[in-house]
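These notes concern the structure reproduced below.
Residue numbers begin at 1 in each chain, while the letters A, B, ... track the order of the sequences. On a predicted model such as this, the values are computed, not experimentally measured, just so you know. Keep in mind that the numbers below use all heavy atoms, side chains included, and drop hydrogens, waters and symmetry copies.
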Amino acid sequence: MLDNLNIPKPEEEAFFLQPTLELAQSLIGATLWRHLGSEITGGVIVETEAYISAVDPASHNYRRPSKKRAAMYGPPGTAYIYFTYGMYHCFNVVSEPEGVSAAVLIRAVYPIYGQEIMAARRRLAAPQLTMAAGPGRLCMAFALTRADNMADLRGNDLWISGPSNYYPIEKGTIRTSSRIGISSGQELQWRYYSAGCPAVSGPAALRR
DNA sequence: CTTGAGATGTTCT
DNA sequence: GAACATCTCAAGA
């Protein structure tokens, strides 16, 4: 098990500067970390979706740039967090150079650190592998809200590190599908996930 | 395992 | 008004 001294450091800017579709794949197997007060939580990213405003009808800022969604234009490695369905938050990693609107939605992580904290935030009796499966659940488990919008993902409180030995993912096991919960842009296969992973969201057919 | 309804706030038409 | 990058719970197969 990891201890505090072994928690890895953030990725460099170059990692986040990869083209959005490549970044969405590279993020599978990377680890999301959050340090809030005395609580540390960490999870290996197992499911992502790419959104590229210039060409993607499902993306925020498509044809109609919005001031409220300015974070998507921010420098690569910025957090874009928005509130949806009246109850939930979604967490994105901003990609592409500053001024370009694009991001990768982090849909699910495999919990590897601070599981008890995540379970408590989810109001579960005990930790579950699925407690951060789905963008809304993930934000609850990591206590991410609009207050964290625009945060630098290479900071001390919220960051992303490279592949984990604790839950390694082989490149060959990454699959693609249509994105979940959208009506336009379904022809784009921009969802990436680790096949067969129990921490991926959605019905069984979308986890194989 | 699947389906469907309800909860809820912000943004868009 | 309607739609929405969602989740939970209860009911049915």
Atom-pair distance (CZ on A/R69; P on C/dC4), nearest Å: 12 Å
Length of the line joining A/E49:CD and C/dA5:P, which is rounded to integer Å: 10 Å
Exercise: identify the closest heavy-atom pair between A/P57 and A/S184: O-OG, 3.5 Å
SB check A/E116 A/R121 (cutoff 4.0 Å): no
Polar side chain donor-acceptor pair, A/S178 to A/Q189, under 3.5 angstrom: yes
A/P135 side chain, from C-beta outward: closest of C/dC7, B/dC12, B/dT10: C/dC7
Interatomic distance, A/R63 CZ vs B/dT11 C1' [rounded to whole Å]: 15 Å
Distance test, side-chain N/O of A/R123 to OP1/OP2 of C/dT8, below 4.0 Å: no
Short side-chain N/O contact to C/dC7 OP1/OP2 from A/R122, under 4.0 Å: no
Straight-line distance of A/Y62 OH to A/I52 CD1, nearest 0.5 Å: 12.5 Å
Between C/dA3 (P) and A/F83 (CZ): distance, integer Å: 20 Å
A/H60-A/Y82 aromatic ring centre distance below 6.0 Å: yes
Distance in angstrom units between A/Y82 OH and B/dT11 C1', rounded: 13 Å
Phosphate-side-chain proximity, A/K68 and B/dT11, N/O vs OP1/OP2 below 4.0 Å: yes
Among B/dT13, B/dG9, B/dT11, the one nearest A/R64 by side-chain distance: B/dT13
A/R137 side chain near C/dT8 phosphate (N/O to OP1/OP2, under 4.0 Å): yes
A/Y85 side-chain proximity, nearest of B/dT11, C/dT6, B/dT2: C/dT6
Interatomic distance where CD belongs to A/E47 and P belongs to C/dA5 [whole Å]: 16 Å
Sugar-phosphate only, base, or nothing, as touched by A/L105 at under 4.0 Å among non-hydrogen atoms: base
Nearest-nucleotide comparison on DNA chain B, the residue closer to the 5′ end among A/A205 and A/G86: A/A205
Closest to the A/A204 side chain, choosing from B/dC12, B/dT2, C/dT6: B/dT2
Atom-to-atom span, CZ of A/F91 to P of C/dT6 - whole angstrom: 16 Å
A/Y88 aromatic ring stacked with six-membered ring of C/dT6, 5.5 Å and 30°: no
Ion pair check, A/D56 and A/R179, cut-off under 4.0 Å: yes
Stacking of A/Y51 on C/dA5 base (centres under 5.5 Å, planes under 30°): yes
Atom pair distance, as rounded to whole Å: CE in A/M87 and C1' in C/dC9: 12 Å
Short side-chain N/O contact from A/S59 to OP1 or OP2 of C/dA5, under 4.0 Å: no
Counterpart base for C/dC7, defined by Watson-Crick or G-U wobble contacts under 3.5 Å: B/dG6
